[in-house]
K.L.:
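Shown below is the structure under consideration.
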Number of protein chains: 2
Amino acid sequence: MPYKERDIEKQYYTIGEVAAQFDVAPSLIRFWETEFDDLKPRKSKKGNRLYSPQDIEIFRTIYHLVKERGYTIPGARDIMKQRGPQLKEKVDVIHSLEKVRNFLVQLRKELDVAGKQQPGGGA
Amino acid sequence: MPYKERDIEKQYYTIGEVAAQFDVAPSLIRFWETEFDDLKPRKSKKGNRLYSPQDIEIFRTIYHLVKERGYTIPGARDIMKQRGPQLKEKVDVIHSLEKVRNFLVQLRKELDVAGKQQPGGGA
DNA sequence: ATGTCGCGCTCTTTGTAGGGCATGGGGTAG
DNA sequence: CTACCCCATGCCCTACAAAGAGCGCGACAT
């Protein structure tokens, strides 16, 4: 490896740097750490928090939900926990609904054979 | 016309009825009225609040955002104002789909009477 | 090279303004 | 007597901020 990987890997930020980056108080970051299980930075031997880029992404998500979208902390917590599965469920629901739609379209066809008129409806 | 249509059209609910329907205190409904411009029911000559079905839909949306999704009141207000129509559509779609589902369940029952077997599908 | 002073950053614990309603008083209509 | 009105005040958590104390590091003198 030509470049020292340590210089890339070892990007850890202090709580003060994170606070400055988001323009919030360090106390807020520590408080959120007690509220969100996902936000648990590594700690130095001394006990200082060390934030990895992943930790910062997590913080950014929480910041977005709480400060920009206006979620309560419990509301944001729920989203953080069910983010992955939630997306899969949505896809499944859409897939189910497409099946239902095809069924209903077919049903309408069959009903049309009976000669009745059906006003078109928007979804 | 055998039944009086007025009984269907003229559905206004008192604050007590709405409160019971959602299992909340009337004071909460009055408080939200001061917080959400969209929630402004008609009032009787005496001054009592009269909630139309549309008013109840609005209340249901707010209830959904604040109590089930975990939005703060400002957060819910933003959604009501910026994406209000879109969100209302979503909620309406969900309720419509629930009705459709019930209809389909009933339909399957009736089809079962014809002697055919239908493999059950998960929703 | 080594005490030590001071400064900046961090830590944990404790304090607190305000958000989000509930409650109580005084009144009206049915 | 009950259910509603309005208004004011009460009040309990939520969501942080401030207080107090402990490192670590450079500067400066010894």
Side-chain angles (χ1 to χ4, degrees), chain A residues 10-52 55-56 58-81, chain B residues 6 10-53 55-56 58-81:
Chain A
K10 204 182 172 186
Q11 294 221 352
Y12 282 101
Y13 301 88
T14 67
I15 194 170
E17 288 168 342
V18 178
Q21 183 175 338
F22 288 90
D23 193 28
V24 298
S27 61
L28 173 65
I29 302 178
R30 293 193 198 96
F31 171 66
W32 281 0
E33 188 176 326
T34 69
E35 295 292 323
F36 296 92
D37 288 348
D38 290 344
L39 187 61
K40 280 187 175 164
R42 189 183 148 196
K43 290 195 179 182
S44 72
K45 198 169 183 178
K46 178 191 161 190
N48 285 14
R49 291 164 177 79
L50 301 174
Y51 293 87
S52 71
D55 292 329
I56 293 189
I58 291 171
F59 183 84
R60 187 195 309 285
T61 302
I62 297 172
Y63 183 90
H64 177 69
L65 292 173
V66 173
K67 294 298 185 184
E68 294 173 353
R69 297 289 278 182
Y71 277 93
T72 63
I73 287 178
R77 203 158 37 204
D78 288 351
I79 290 186
M80 294 292 290
K81 295 209 169 182
Chain B
R6 287 168 302 164
K10 200 185 173 182
Q11 295 239 353
Y12 281 101
Y13 301 89
T14 68
I15 195 172
E17 288 167 344
V18 178
Q21 183 176 338
F22 287 90
D23 193 29
V24 298
S27 63
L28 172 65
I29 301 178
R30 291 193 199 95
F31 172 66
W32 280 1
E33 190 176 325
T34 70
E35 296 289 323
F36 296 92
D37 289 348
D38 291 344
L39 187 61
K40 280 186 176 164
R42 189 184 148 195
K43 291 196 181 181
S44 74
K45 198 170 182 178
K46 180 191 163 190
N48 285 15
R49 289 166 177 80
L50 301 173
Y51 293 88
S52 70
D55 292 328
I56 294 189
I58 291 171
F59 183 83
R60 185 196 311 284
T61 301
I62 298 171
Y63 183 90
H64 177 69
L65 291 173
V66 174
K67 295 298 184 183
E68 295 173 353
R69 295 289 283 189
Y71 278 93
T72 64
I73 287 179
R77 203 157 39 204
D78 287 351
I79 290 187
M80 293 294 288
K81 295 206 172 185

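Remember, predicted model here, so these are calculated numbers, not experimental data. Each chain gets a letter, A, B and so on, in the order its sequence line appears, and its residues count up from 1.
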K.L.:
Carefully, step by step, assess B:Lys81 and B:Asp37 under the rule salt bridge (charged side-chain N to carboxylate O under 4.0 Å, His left out).
P.N.:
CA-CA 9 Å; B:Lys81 295 206 172 185; B:Asp37 289 348; 3.5 Å; yes
K.L.:
Starting from P on C:dC9, measure out to CD on A:Glu17 and report it in whole angstrom.
P.N.:
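The distance from CD of A:Glu17 to P of C:dC9 comes to 10 Å, rounded to the nearest Å.
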K.L.:
Please determine whether a side-chain nitrogen or oxygen atom of A:Thr14 lies at a distance below 4.0 Å from atom OP1 or OP2 of C:dT10.
P.N.:
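For A:Thr14, the contact criterion (side-chain N or O under 4.0 Å from OP1 or OP2 of C:dT10) is met.
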K.L.:
Rounded to whole Å, how long is the line connecting atom NZ of B:Lys67 with atom P of C:dG20?
P.N.:
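That distance rounds to 10 Å.
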K.L.:
With a 4.0 Å heavy-atom cut-off, tell me which residues in residues 24-31 of chain B come close to DNA chain C, sorted by residue number.
P.N.:
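Those residues whose heavy atoms fall under 4.0 Å from DNA chain C, taken from residues 24-31 of chain B in numerical order, are B:Ala25, B:Ser27, B:Leu28, B:Phe31.
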K.L.:
What is the distance, rounded to the nearest whole Å, between atom CD of B:Glu33 and atom P of C:dG20?
P.N.:
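From B:Glu33 CD to C:dG20 P: 17 Å.
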K.L.:
With a 4.5 Å limit on heavy-atom distance, are the side chains of A:Ile15 and A:Pro26 in contact?
P.N.:
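Yes; the side chains approach each other to less than 4.5 Å.
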K.L.:
CG/A:Asp38 to CZ/A:Arg77 distance, rounded to the nearest 0.5 angstrom?
P.N.:
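Here the interatomic distance stands at 11.0 Å.
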K.L.:
Starting from C1' on C:dC21, measure out to CD1 on B:Ile15 and report it in whole angstrom.
P.N.:
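Going from B:Ile15 (CD1) to C:dC21 (C1'), I get 13 Å.
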K.L.:
Checking ring-ring contact (aromatic ring centres under 6.0 Å, His included) between B:Phe59 and each of B:Tyr13, B:Trp32, B:Phe36, B:Tyr51, which is the one that passes?
P.N.:
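Output: one option passes, namely B:Trp32.
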K.L.:
Of B:Ile79, B:Ile62, B:Asp78, which is the lone residue that meets side chain to side chain contact (heavy atoms under 4.5 Å, CB included) with B:Tyr71?
P.N.:
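That would be B:Ile79; it is the only one of B:Ile79, B:Ile62, B:Asp78 passing the side chain to side chain contact (heavy atoms under 4.5 Å, CB included) with B:Tyr71.
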K.L.:
Which whole-number value in Å describes the distance from A:Ile73 CD1 to D:dT14 P?
P.N.:
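For the pair A:Ile73 CD1 and D:dT14 P, the rounded distance is 9 Å.
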K.L.:
With rounding to the nearest 0.5 Å, note down the distance linking CG in B:Leu28 to CZ in B:Arg30.
P.N.:
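Going from CG on B:Leu28 over to CZ on B:Arg30, the span is 10.5 Å.
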K.L.:
How about B:Lys40 and B:Arg49: do any of their side-chain heavy atoms sit closer than 4.5 Å?
P.N.:
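With C-beta onward as the side chain, the pair stays apart.
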K.L.:
Taking only side-chain nitrogens and oxygens of A:Trp32, does any of them come within less than 4.0 Å of OP1 or OP2 of D:dC16?
P.N.:
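The answer is yes; a side-chain N or O of A:Trp32 sits under 4.0 Å from OP1 or OP2.
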K.L.:
Give the residues of residues 43-51 of chain A touching DNA chain C, defined as any heavy atom closer than 4.0 Å, sorted by residue number.
P.N.:
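When residues 43-51 of chain A is checked for heavy atoms under 4.0 Å from DNA chain C, the hits, listed by number, are A:Lys43, A:Gly47, A:Asn48, A:Arg49.
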K.L.:
Measure from NZ or CZ of A:Arg42 to the centre of the six-membered ring of A:Tyr12, then state whether that distance is under 6.0 Å and the direction lies within 45° of the axis.
P.N.:
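Positive - A:Arg42 is close enough to the ring of A:Tyr12 and near enough to its axis.
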